[in-house]
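Take a look at the structure set out below.
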Amino acid sequence: MTVRTGPHTRDDSADRARAADAALAEVLLTPEGRAEPYSRYKRLRELDPVHHSGFGMWIISRYDDVDALLRDSSVGKDVRLFMQGRFGGDWEEHASLRRMGTSMLWANPPEHTRLRRIVNNTFTVRRVAALEGFIEKLADELLDPIARAGGGDILNEFCYPLPLQVIAELLGVPQRDAPSLREPMRDFQRTFELGLTADELLQADAGAEFSDEYFRGLVAAKRAEPADDLLSALIAHEDDDGGKLSEIELIGYCNMIMGAGFETTTHLLANGLNALLSHPDQLARLRADPELVEPAVEEILRYDPPVHLVLRMNAGPVTVGGVEIPGGQVIATILAGANRDPDRFTDPERFDIGRREGLPISFSAGIHHCLGWALAKLQAEVVLRVLLRRFDHMELVAEPVRRPRLTLRGFETLDVKTVEGDRS
């Protein structure tokens with residue numbers, strides 16, 4: 001049974017659902033929709049905020065509905081339901097999909113509770129805070145060639161290598177090895193996209209096999225010679241019964257932390273730079289008042305987040321926004337659409353670094369709330385401070401090239417001109 005609120009007639013509701021499907025199709029299937037999804041999210045939210053789409057999934061796009069669903073303990077993740085529906089019964093033949101099937105990201109309690117508790121006990125606030133000096137030094141080093149050249153592709157020359165090297169430092173990956181993991185991890189991340197092609201799936205499999213083998217060797221090396229890093233702490237961890245994590249679990253943690261820890265932060269940095277350089281009044285405001293760095297990062301996360309949607313599955317019926325969703329459904333929560341809900345944020349299409357209306361939902365919510373949120377925000381805050389200190393002027397010199405992706409949304413290139421200030 002579907003329970004809907006409001007005065008809409010059955011015919012009117014059908015028309016609105018068809019229009020919502022058209023908006024969703026533009027986002028999923030057209031270059032224009034991928035390049036500018038926000039107006040389509042707005043139409044979805046206004047037309048049918050709890051939408052049973054023609055693609056089979058339910059689409060949730062209002063802030064309060066998204067937040068409530070993600071915090072609902074009766075809603076979780078069913079990897080088999082999702083994988084079989086998307087890839088068919090042979091999905092476990094693919095290395096990349098098998099990895100997703102064993103990841104904490106797809107686990108439900110009590111297994112998720114156990115795995116999350118272990119990583120929370122090792123991925124601590126102290127460990128994150130201790131990286132601040134490393135991040136600042138690395139940022140300066142990576143910006144040196146850009147400063148000398150008076151600009152460059154700041155995405156590929158700075159926004160990619162910085163988070164990659166930071167997460168490598170945290171995990172215990174030797175810095176010399178970090179660059180070799182960039183493309184394999186990026187290829188695996190394609191599995192999060194709804195429009196994954198057969199060729200991209202093969203690339204994702206190759207990436208998964210490469211990184212699995214690399215981390216198998218790293219786990220063995222850290223067992224033999226522990227260090228002061230996250231992987232060594234995970235290897236040393238004992239549960240209440242004195243049990244240790246298995247090799248498969250350790251490799252899974254490495255893949256999850258490394259994969260989630262660099263590409264999303266890359267897009268946070270690049271999306272933020274694009275937003276600031278596209279709104280010179282806000283960049284000038286930040287220069288005039290560096291204390292706005294922290295709210296500026298929150299506004300970047302709200303205005304153009306690196307992750308646009310997350311998926312959930314419900315075993316039994318659940319009511320969202322007055323609509324009953326039957327059990328056994330795949331539900332897409334549109335984080336980026338929720339972040340521009342006018343019922344939650346004033347004038348939500350406006351980029352305002354002084355906005356103080358509570359946190360966006362860009363790091364998700366509930367038990368799967370992003371594990372690395374504090375590290376991502378720390379990197380963004382340090383980067384903004386370093387850029388303001390290093391450069392008296394920055395500007396875009398070409399139209400940024402967007403990646404044809406939706407779940408992990410960012411750019412392919414971000415070319416800038418820079419003018420370095422007096423560092424004496």
Side-chain angles (χ1 to χ4, degrees), residues 95-96 98-100 102-105 119 122-123 127-128 130-145 153 155-192 203-237 245-270 371-372 375-376 378-379 382-383 408 410:
S96 59
R98 284 198 306 274
R99 176 190 293 178
M100 293 176 72
T102 60
S103 170
M104 186 183 82
L105 297 176
V119 76
T122 52
F123 195 161
R127 195 180 290 277
V128 169
L131 288 168
E132 184 170 359
F134 175 83
I135 296 167
E136 184 172 1
K137 181 174 182 292
L138 178 61
D140 268 320
E141 291 174 354
L142 290 171
L143 287 171
D144 282 343
D153 179 3
L155 169 65
N156 287 292
E157 296 172 33
F158 178 78
C159 296
Y160 259 114
L162 185 135
L164 181 60
Q165 290 178 237
V166 169
I167 202 67
E169 181 74 9
L170 172 75
L171 187 59
V173 173
Q175 288 295 321
R176 65 180 180 275
D177 292 351
S180 69
L181 290 167
R182 172 178 163 173
E183 291 308 317
M185 298 304 295
R186 283 192 72 193
D187 287 343
F188 168 72
Q189 302 282 46
R190 294 170 185 262
T191 56
F192 294 102
Q203 287 180 290
D205 287 341
E209 289 166 356
F210 179 93
S211 57
D212 281 353
E213 189 61 27
Y214 175 82
F215 286 123
R216 185 173 290 108
L218 186 64
V219 167
K222 294 295 182 181
R223 286 192 195 279
E225 193 172 339
D228 183 17
D229 54 52
L230 182 56
L231 178 54
S232 296
L234 288 168
I235 291 170
H237 179 85
L245 289 165
S246 69
E247 180 184 66
I248 291 175
E249 289 173 326
L250 288 166
I251 292 171
Y253 273 126
C254 288
N255 279 311
M256 179 190 70
I257 292 167
M258 194 76 185
F262 92 88
E263 190 163 12
T264 52
T265 306
T266 289
H267 299 316
L268 166 59
L269 298 179
L371 178 69
L375 180 57
L378 175 63
Q379 290 179 80
V382 170
V383 162
L408 297 177

Atom CD in E157, atom CG in D144: separation rounded to 0.5 Å?
-> 12.5 Å
So how far is it from D205 CG to R98 CZ, rounded to the nearest 0.5 Å?
-> 7.5 Å
Heavy-atom closest pair (A178 atom, V173 atom, distance to 0.1 Å) is N-CG1, 4.2 Å
Evaluate side-chain contact (heavy atoms from CB on, under 4.5 Å) for L231 paired with F215, printing each intermediate quantity in order.
-> CA-CA 10 Å; L231 178 54; F215 286 123; 5.7 Å; no
Tightest non-hydrogen contact, residues I235 and V219, listed as CD1-O, 3.8 Å
Pairwise side-chain contact, I257 with V119, heavy-atom cut-off 4.5 Å (strictly under) | yes
All heavy atoms of C159 vs all of T266, minimum pair found to be O-OG1, 2.8 Å
Do Y253 and L245 pass the side-chain contact (heavy atoms from CB on, under 4.5 Å) test, and can you show the C-alpha distance, the side-chain angles, and the key distance before you say yes or no?
-> CA-CA 10 Å; Y253 273 126; L245 289 165; 3.6 Å; yes
Would you call the rings of H267 and Y160 parallel, tilted or perpendicular if under 30° counts as parallel and over 60° as perpendicular?
-> perpendicular
side-chain contact (heavy atoms from CB on, under 4.5 Å) between Q379 and L268: does it pass, once the steps are laid out?
-> CA-CA 10 Å; Q379 290 179 80; L268 166 59; over 6 Å; no
S232 side-chain N/O to D228 backbone N/O, donor-acceptor pair under 3.5 Å | no
Any side-chain heavy-atom pair of F158 and V383 under 4.5 Å = yes
Determine the minimum heavy-atom distance between F188 and S96, stating which atoms define it.
-> CE1-O, 3.4 Å
Ignoring hydrogens and geometry, is there a side-chain-to-backbone donor-acceptor pair from K222 to G172 under 3.5 Å?
-> yes
Nearest heavy-atom neighbours spanning L218 and P174 = CD1-CD, 4.1 Å
M185 and N255: CA distance, side-chain angles, deciding distance, side-chain contact (heavy atoms from CB on, under 4.5 Å) verdict = CA-CA 8 Å; M185 298 304 295; N255 279 311; 4.2 Å; yes
Keeping the roles fixed (side chain from R127, backbone from L170), state whether a donor-acceptor pair exists under 3.5 Å.
-> no
Just checking, any donor-acceptor pair under 3.5 angstrom between side chains of T191 and R99?
-> no
Mark yes or no for whether Q165, through its side chain, and Q175, through its backbone, hold a donor-acceptor pair below 3.5 Å.
-> no
Rounded distance (nearest 0.5 Å) linking atom CG of L378 with atom CD1 of I135 = 4.0 Å
Nearest 0.5 Å please: distance from the CD1 atom of I251 over to the CG atom of D212.
-> 6.0 Å
Quick one: pull up OG in S103 and CD in E249 and give me the separation to the nearest 0.5 Å.
-> 11.5 Å
How far does CG of D229 sit from CG of L171, to the nearest 0.5 angstrom?
-> 7.0 Å
Heavy-atom closest pair (V166 atom, L138 atom, distance to 0.1 Å) is CG2-CD2, 4.0 Å
